[in-house]
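Report on the structure given below.
Values in this document were obtained by computation on a predicted structure and should not be read as measured data.
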Amino acid sequence: MASGEQVFMINGGGEDENNFQSNSTLQQKNGVDAQNLFIKEGILDKLDVDKLIASQTTPKTFTIADLGCPVEIDTFAAVQNVIDTVKHKLKLQSNTAHQYEHLSHNLEFQVLINGPTSRDFNALFRSIPMNKPSYYVAGVPGTFYSRLFPKSSLHFAYSSYSLHWLSKVPDGVGDERSPAYNKGKIYCMSSPKIVADAYEAQFTRDIEAFLKARELEVVPGGLVAFSIVTVPTGSKCLTPTFFEILGSVLLDMAAKGITSKKKVNTFNLPIYLPTPQLLEGLIKRNENFSIERMEQLCRPRESFYEADFPEKLTLHYRAVMESLFNDHFGTEVVNLMFDKFKNKVTETAVFMDLTHKQALESFVLLKRKP
């Protein structure tokens, strides 16, 4: 197992700063670039393409699943990266140019794009490149924390920045009768241990369910790759601190009667940011996968010193989480909340505090054991 910590830079935003894709990509683009590189290396080093398709009759099919598909603008670039690399690996494994031409001519690619049932798959399909090479795309609605595909049907599955989203808010944290009631908080960073334990327990159940489903769906020798936001062990971390600031803004608004305290007390983010060590330990519980690679990527702090960092941060959080807040608090309250959040981030300048570490982005490559 290879492991390490790498640093990558953040590019600026897109043309439409209020657009989900441009603002989520603002924070993820180079993380996705790194993931694509790791995926390419993983396929070349760890995937025996010839063996995986040898038992199939002609024509042969290589099946790829994108689980979660959070940002359409990156989806088909990632798909093309996988397909190009699989073809290259097949070429490397072929004894002659004639053998490669025969195999590649008879190899077809099936791409299965998964998203929640609320997903607008029509918008996703409209983003398919017009000049795409021959591959076949289908949408698969549903949660990736359960079975989605037939047994032993996937050769390569990956998920980008989705697994830190829980399948549900942990039980009890929004219930005033529960010992784990997370009063006045929307996340668990500074909450009592019983609340943090509830979040970790839900994350544990979700990761175990994710791997259990994939162990049935992925063929022996197939690969599963994913990127997930994680936090450094034993350090204050900026990302959950920003969640805390969002919660404090809502409490300020409740004190002024703009929203109710009850609404604040019953809202909790369905997100959990594990440490890399916790993540690795949970993966190792599943005996059907081997960990082939784990990398921790960390953004440099240079972007924090830009004058418009609070605005960019606010736009990113709004792009990713606005619908959650809207469903609970209503659009008018949420509009004001994000305005106040940007101001509070600017005033506190916590992002300049070097004792607060940055979140990591952990890349994991797993191989299905025989």
| Is it the case that more than 12 heavy atoms not belonging to Lys369 sit under 6.0 Å from its NZ atom? | yes

| Using 4.0 Å as the upper bound for N to carboxylate O, is an ion pair formed by Lys185 and Glu244? | yes

| said: Quick one about Gln202 and Asp206 (side-chain donor to acceptor, distance below 3.5 Å, no hydrogens or angles considered), yes or no? | reply: yes

| said: When you measure from the side chain of Asp48 to the backbone of Lys51, do you find a donor-acceptor pair of N or O atoms at a distance under 3.5 Å? | reply: yes

| request: Indicate yes or no: at least one non-hydrogen side-chain atom of Thr266 is less than 4.5 angstrom from one of Glu176. | output: no

| field | Any donor-acceptor N/O pair, Ser260 side chain to Lys263 backbone, under 3.5 Å | value | yes

| Are Asn286 and Glu208 close enough that a side-chain donor and a side-chain acceptor fall under 3.5 Å? | no

| What distance do Asn81 atom CG and Tyr158 atom OH have between them, rounded to the nearest 0.5 Å? | 8.5 Å

| Taking every non-hydrogen atom, the tightest pair across Ile43 and Lys89 | O-NZ, 3.4 Å

| query | In the single-linkage hydrophobic clustering (I, L, V, M, F, W, Y; side-chain heavy atoms under 4.5 Å), do Phe309 and Met352 co-cluster? | reply | yes

| Leu223 and Leu216: same hydrophobic cluster, using ILVMFWY side-chain contacts below 4.5 Å? | no

| task | Please check if atom NZ in Lys60 has more than 12 non-hydrogen atoms from other residues, nucleotides or ligands closer than 6.0 Å. | result | yes

| Is Asn36 reaching over with its side chain to a backbone N or O of Ala78, donor-acceptor style, under 3.5 angstrom? | no

| Leu360 and Pro276, any side-chain heavy atoms less than 4.5 Å apart | yes

| query | Under 6.0 Å from the NZ atom of Lys261, do we count more than 12 heavy atoms belonging to anything else shown? | reply | no

| query | Is the shortest distance from a Lys or Arg side-chain nitrogen in Lys367 or Glu292 to a carboxylate oxygen in the other one below 4.0 Å? | reply | no

| said: Glu41 vs Lys46, test: salt bridge (Lys or Arg N to Asp or Glu O under 4.0 Å). Steps then yes/no. | reply: CA-CA 8 Å; Glu41 293 173 349; Lys46 305 296 183 180; over 6 Å; no

| field | Lys/Arg-Asp/Glu bridge criterion (N-O < 4.0 Å) met for Lys212, Glu215 | value | yes

| Do any N or O atoms from the side chain of Asn114 and from the backbone of Ala65 form a donor-acceptor pair under 3.5 angstrom? | no

| query | At their closest point, which heavy atom of Ser152 faces which heavy atom of Val219, and how far apart are they? | reply | O-CG1, 3.2 Å

| task | Give me the one residue out of Tyr317, Phe267, Phe243 that meets ring-ring contact (aromatic ring centres under 6.0 Å, His included) with Phe325. | result | Phe267

| Minimum heavy-atom distance Ile283-Leu211, with the two atoms named | CA-CD1, 3.9 Å

| said: Contact between Val79 and Ile83 at the side-chain level, heavy atoms closer than 4.5 Å - yes or no? | reply: yes

| query | Is Val169 reachable from Tyr181 through a run of I, L, V, M, F, W or Y residues, each pair having side-chain heavy atoms under 4.5 Å apart? | reply | no

| query | Are the side chain of Ser159 and the backbone N or O of Gly68 linked by a donor-acceptor pair below 3.5 Å? | reply | no

| message | Regarding Asp252 and Lys344, does a basic nitrogen lie under 4.0 Å from an acidic carboxylate oxygen? | response | yes

| said: Counting C-beta onward and ignoring hydrogens, is there a side-chain heavy-atom pair between Thr61 and Gln56 closer than 4.5 Å? | reply: yes

| task | May I have the step-by-step check of side-chain hydrogen bond (donor to acceptor under 3.5 Å, both in side chains) for Thr63 and Gln110, ending in yes or no? | result | CA-CA 5 Å; Thr63 304; Gln110 173 74 67; over 6 Å; no

| Is Leu365 close to Val224 at the side-chain level, that is, under 4.5 Å between some pair of heavy atoms? | no

| message | For the backbone of Ala196 and the side chain of Glu200, can you confirm whether one donor and one acceptor N or O come within less than 3.5 Å of each other? | response | no

| query | Ignoring hydrogens and geometry, is there a side-chain-to-backbone donor-acceptor pair from Ser178 to Ala180 under 3.5 Å? | reply | yes

| message | Between Glu217 and Arg147, does any side-chain N to carboxylate O distance fall below 4.0 Å? | response | yes

| query | Yes or no on ring pair (Phe, Tyr, Trp, His ring centres under 6.0 Å) for Tyr199 and Tyr187, after CA distance, side-chain angles and deciding distance? | reply | CA-CA 9 Å; Tyr199 266 88; Tyr187 189 63; 5.6 Å; yes

| Using a distance-only test with no angle check, is there a side-chain donor-acceptor pair under 3.5 angstrom linking Tyr161 and Glu361? | yes

| said: Check for me whether Arg214 meets the cation-pi criterion with Phe210, that is, NZ or CZ under 6.0 Å from the six-membered ring centre and within 45 degrees of the ring axis. | reply: yes

| said: Under a plain distance cut-off of 3.5 Å, with no hydrogens placed, do Gln35 and Ser160 share a side-chain donor-acceptor pair? | reply: yes

| task | Could you tell me whether the side chains of Thr355 and Lys236 share a donor-acceptor contact shorter than 3.5 Å? | result | yes

| query | How close do Tyr145 and Trp165 get, heavy atom to heavy atom, and via which atoms? | reply | OH-O, 2.7 Å

| field | Distance-minimising heavy-atom pair for Pro232 and Gln358 | value | CD-O, 3.5 Å

| field | Close side-chain approach of Phe125 to Ile128, heavy-atom, < 4.5 Å | value | yes

| said: I'd like to know if the side chain of Thr348 and the backbone of Val345 have a donor-acceptor N/O pair within less than 3.5 Å. | reply: yes

| Checking side-chain contact (heavy atoms from CB on, under 4.5 Å) for the pair Lys168/Asp171: CA distance, chi angles, key distance, verdict? | CA-CA 8 Å; Lys168 65 175 185 176; Asp171 292 337; 3.0 Å; yes

| Main-chain N/O of Asp50 paired to Gln93 side chain as donor or acceptor, under 3.5 Å | yes

| said: Side chains of Thr233 and Leu278, heavy atoms from C-beta outward: is any pair under 4.5 Å? | reply: no

| Any side-chain heavy-atom pair of Phe38 and Leu297 under 4.5 Å | yes

| Is Glu306 atom CD crowded by more than 12 heavy atoms from other residues, nucleotides or ligands, each under 6.0 Å away? | yes

| said: Using only atom types and a distance under 3.5 Å, with no angle test, would you say the side chain of Ser94 pairs donor to acceptor with the backbone of Leu90? | reply: yes

| request: Apply the test side-chain contact (heavy atoms from CB on, under 4.5 Å) to residues Val350 and Phe242: give CA-CA distance (whole Å), side-chain angles for both, the deciding distance (0.1 Å), then the verdict. | output: CA-CA 9 Å; Val350 66; Phe242 292 139; 3.7 Å; yes

| What closest approach, in Å, do Val140 and Leu148 show between heavy atoms, and which atom pair accounts for it? | CG1-O, 4.1 Å

| said: Counting the benzene-type ring for Trp, do Phe203 and Tyr272 have ring centres under 6.0 Å apart? | reply: yes

| request: Determine, step by step, whether Leu166 and Ile271 satisfy the side-chain contact (heavy atoms from CB on, under 4.5 Å) criterion, reporting the C-alpha distance in whole Å, the side-chain angles of both residues, the deciding distance to 0.1 Å, and the verdict. | output: CA-CA 5 Å; Leu166 301 174; Ile271 296 173; 5.8 Å; no

